[in-house]
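Input: a single structure, listed below in structure tokens.
Below, chains carry the letters A, B, ... as their sequence lines are ordered, and counting in each starts from 1. Heavy atoms only: backbone and side chains are in, while hydrogens, waters and symmetry mates are out.
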Protein chains: 2
Amino acid sequence: MARPAQSMTGAPELPADVLNQDCPSRSVLRHLTDRWTPMIVTVLADGRRARFTELRRTIQGVSPKVLTETLRSMERDGLVARQVTASIPPRVDYWLTELGASTVAPLAELRRWAEANVGVIEQNRQRYDESLDGE
Amino acid sequence: MARPAQSMTGAPELPADVLNQDCPSRSVLRHLTDRWTPMIVTVLADGRRARFTELRRTIQGVSPKVLTETLRSMERDGLVARQVTASIPPRVDYWLTELGASTVAPLAELRRWAEANVGVIEQNRQRYDESLDGE
DNA sequence: CCGTATCCAAGGTGATACTG
DNA sequence: CAGTATCACCTTGGATACGG
């Protein structure tokens, strides 16, 4: 699905589809980077299944409403599958589809970058804020 | 900076720092996935420098205000450097620091995932929406 | 247990005009 | 040219209570 280079329009070459205002890949990227999406993917990595409450407990701070919304959105995009077991009490399981599983590596890399560099970044922020005091 | 496993608390093992409510890596991840951050990184990859207007033109749809805010935030985190040349007209150049350059690979992978799978996802969305019509 | 309904707060985002 | 100032929006996210 690579966009053919727009070399005939005379427009400057864009290095990526996503820079294009109308490219729908923007909405995909946005979804992938929704607040809770990377965490859901993290929990469901390696083929793990999880029930709603399990996700809610593991992903600290997420509200049921937003968790539902995010899961629905991911289900709509085909990233997660959902299975309802009509028992009492009811049981709903979530897991990653094949497509969803293919996001694990990219998202994990990003997450690990954040976890690995949070220390440096906090130092940078402090230094930056202090350098502003003198102005 | 890996968090020591909380195995002594009896709490369930979290597979990632970011799942922890108070872990500051959450804010780092949030910033990396800000609306325009991945695009700025894309444009400044491979050591490319760019002026403000150049960024604004390349990243279609970004407003000057938000572009400024995002660049400031990235500068504060130490991801981009900024050089002012006091000429007339003035000139300001931006480029990635070493730390910023280390985000290129993870973010590019994510971007490429979005661009590669936008087709499938749009189909999935359509199918999902249609399947809802029958209810 | 698994959500939905409701209401509300926050802030990210945007359009535009203007200035050094 | 490179922003800032201002205003407004409106989506995202959150708290809570309730329902199947």
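Per the geometry, CH2 belonging to B:Trp36 stands 5 Å off P belonging to C:dG14, to the nearest Å. C:dG12 atom C1' lies 17 Å from atom CE of B:Met74, rounded to whole Å.
Using a 4.0 Å heavy-atom criterion, one finds that A:Glu69 contacts no nucleic acid atom at all. Nucleic acid contact for B:Thr53: sugar-phosphate only, since backbone atoms but no base atoms lie under 4.0 Å from a heavy atom of the residue.
Mapping B:Val62 and A:Glu54 onto DNA chain C by nearest heavy atom places A:Glu54 closer to the 5' end of the strand. In this structure, A:Pro64 and A:Arg30 both approach DNA chain D, and ranking their closest nucleotides by distance from the 5' end singles out A:Arg30.
Side chains of A:Ser27 and B:Arg125: a donor-acceptor N/O pair is present below 3.5 angstrom, by distance only.
Contact record, B:Pro90 with B:Arg51: O-NH2, 3.5 Å, taken as the closest heavy-atom pair. Counting all heavy atoms, side chain and backbone alike, B:Asp93 lies closest to B:Arg91 at OD2-NE, 2.9 Å.
Side-chain atoms of B:Lys65 and base atoms of C:dT13 include a donor and an acceptor less than 3.5 Å apart.
For the pair A:Arg51 and C:dC2, the criterion of a side-chain N or O lying under 4.0 Å from OP1 or OP2 is met. Contact between the side-chain N/O atoms of A:Ser63 and the OP1/OP2 oxygens of D:dG13 is not found at any separation under 4.0 Å.
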**OP:** For salt bridge (charged side-chain N to carboxylate O under 4.0 Å, His left out), just list the numbers for A:Arg127 and A:Asp129, CA-CA rounded to whole Å, side-chain angles, deciding distance to a tenth of an Å, and then say yes or no.
**Re:** CA-CA 6 Å; A:Arg127 182 164 41 222; A:Asp129 293 344; over 6 Å; no
